[in-house]
Number of protein chains: 2
Amino acid sequence: MINYKLDRSFAALADPTRRAMVERLAMGPATVKELAAPLPMSLPAVMLHLKVLEASGLVTSEKQGRVRTCRIDPHCLSQVELWVSERRAMWERKLDRLGAFLDATKPDNEP
Amino acid sequence: MINYKLDRSFAALADPTRRAMVERLAMGPATVKELAAPLPMSLPAVMLHLKVLEASGLVTSEKQGRVRTCRIDPHCLSQVELWVSERRAMWERKLDRLGAFLDATKPDNEP
DNA sequence: TTGATAGTTAAGTACATGATTAACTATAAA
DNA sequence: TTTATAGTTAATCATGTACTTAACTATCAA
């Protein structure tokens with residue numbers, strides 16, 4: 001029942017800096033420097049955030065020469081999306097059944 | 001650009017105990033005691049998790065007599081789902097465009 | 001080969017998080 | 001009216017997170 005990957009993905013996305021990094025990467029791959037440019041913090045801090053994103057699997061990176069290029073791995077994003085949508089769907093089915101029950105037991109001549 | 005609600009929702013869902021609580025609530029409303037029953041921790045600890053879930057907006061609760069009944073608020077779940085699906089969709093559109101570009105620039109007579 | 005660039009590691013600090021036990025407050029039932 | 005139930009608050013503690021600056025290592029360009 002324990003899903004460490006999901007733990008790490010949600011935890012990674014809980015930080016606004018890391019969501020900003022994912023938003024940037026959603027537009028296409030970027031280097032560490034490009035990722036860091038708009039962020040109001042030091043490069044080592046960005047590196048730590050990147051490490052968290054990579055540990056969760058949401059982002060991958062590879063180094064060529066002295067440049068590390070980062071990109072989104074959509075699989076983990078899908079896993080997160082799936083978990084949330086499943087719970088919401090379950091809750092909404094529950095609501096629908098409740099509605100149907102109320103309709104069925106309601107005194108008639110109401111719409 | 002900063003979205004505290006989203007921060008709190010993702011952070012709330014990053015903890016396996018709280019995800020377990022949401023999973024339970026997806027099946028229908030529950031009291032604090034019912035929520036706590038399967039969890040390997042003290043009631044005050046469960047209360048703290050519940051507070052985190054309520055502060056994020058993912059869960060609401062109301063007290064009647066001495067019983068507090070908790071239920072999912074699907075709106076915040078939708079917000080989380082939307083954020084994730086938008087980023088994934090954006091990334092995949094990007095990939096598609098890249099694929100189309102590669103197809104267009106590829107030397108011919110390849111499938 | 002000198003210097004700038006891109007990234008990395010280390011050490012240290014401040015604050016947040018997740019849990020505990022003990023003690024307390026209502027409400028309901030016997 | 002006693003007693004059990006459901007929940008709440010407070011005090012405490014250990015650990016984890018999010019940064020900082022300083023110092024370092026490669027790589028590329030002039």
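Per chain, numbering begins at 1; letters A, B, ... match sequence-line order.
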Inset, instruction - Sequence neighbours left out, what pairs pass ring-ring contact (aromatic ring centres under 6.0 Å, His included) with at least one residue falling in residues 4-40 of chain B? - result: B:F10-B:W83
Legend entry - B/S/- contact track for nucleotides 21-30 of chain C, protein heavy atom under 4.0 Å: BB----BS--
Inset, instruction - Rounded to the nearest angstrom, tell me the gap between atom CZ in B:R8 and atom P in C:dT17. - result: 11 Å
Inset, instruction - Let me know the distance between CG of B:D15 and P of D:dT15, rounded to the nearest Å. - result: 17 Å
Inset, instruction - Could you pull out all residues at least two apart from A:K63 that satisfy side-chain contact (heavy atoms from CB on, under 4.5 Å)? - result: A:R68
Inset, instruction - Using atom types as modelled and distance alone, determine if a side-chain donor or acceptor of B:R19 lies under 3.5 Å from a backbone N or O of B:L13. - result: yes
Legend entry - Non-neighbouring partners of B:P44 that pass side-chain contact (heavy atoms from CB on, under 4.5 Å), sequence neighbours left out: B:S42
Inset, instruction - Under the side-chain contact (heavy atoms from CB on, under 4.5 Å) rule, collect the residues that match up with B:M41, sequence neighbours excluded. - result: B:T17, B:L39, B:A45, B:V46, B:H49
Inset, instruction - Between A:T17 and B:R68, name the one whose nearest nucleotide on DNA chain D is closer to the 5' end. - result: B:R68
Inset, instruction - Tell me whether the OP1 or OP2 atom of D:dT17 has a side-chain N or O from A:H49 closer than 4.0 Å. - result: no
Inset, instruction - Find the distance A:L50:CG to C:dA6:P and express it as a whole number of Å. - result: 16 Å
Legend entry - Of all pairs that satisfy ring-ring contact (aromatic ring centres under 6.0 Å, His included), the ones with a partner from residues 16-42 of chain A, not counting sequence neighbours: none
Legend entry - Any A:K51 side-chain nitrogen or oxygen under 4.0 Å from OP1 or OP2 of C:dT9: yes
Legend entry - A:M47 CE - D:dC19 P separation (whole Å): 15 Å
Legend entry - Minimum-distance nucleotide to A:V67 side chain [options: C:dA6, C:dT8, D:dG7]: C:dA6
Inset, instruction - Using whole Å, report how far CE of B:M21 lies from P of C:dA19. - result: 11 Å
Legend entry - B:M41 CE to D:dC13 C1', straight-line distance once rounded to whole Å: 17 Å
Inset, instruction - May I have the distance from A:L48 (atom CG) to C:dA10 (atom C1'), rounded to whole angstrom? - result: 11 Å
Inset, instruction - Let me know the distance between NZ of B:K63 and P of D:dG7, rounded to the nearest Å. - result: 8 Å
Legend entry - Non-neighbouring partners of B:S78 that pass side-chain contact (heavy atoms from CB on, under 4.5 Å), sequence neighbours left out: A:R88
Legend entry - Residues in contact with DNA chain C, drawn from residues 24-35 of chain A - heavy-atom cutoff 4.0 Å: A:T31, A:V32, A:K33
Legend entry - Point-to-point distance, once rounded to the nearest 0.5 Å, from CZ of B:R66 to OG1 of B:T31: 11.5 Å
Legend entry - Any pair counted as salt bridge (Lys or Arg N to Asp or Glu O under 4.0 Å), so long as it reaches residues 42-51 of chain B, sequence neighbours left out: none
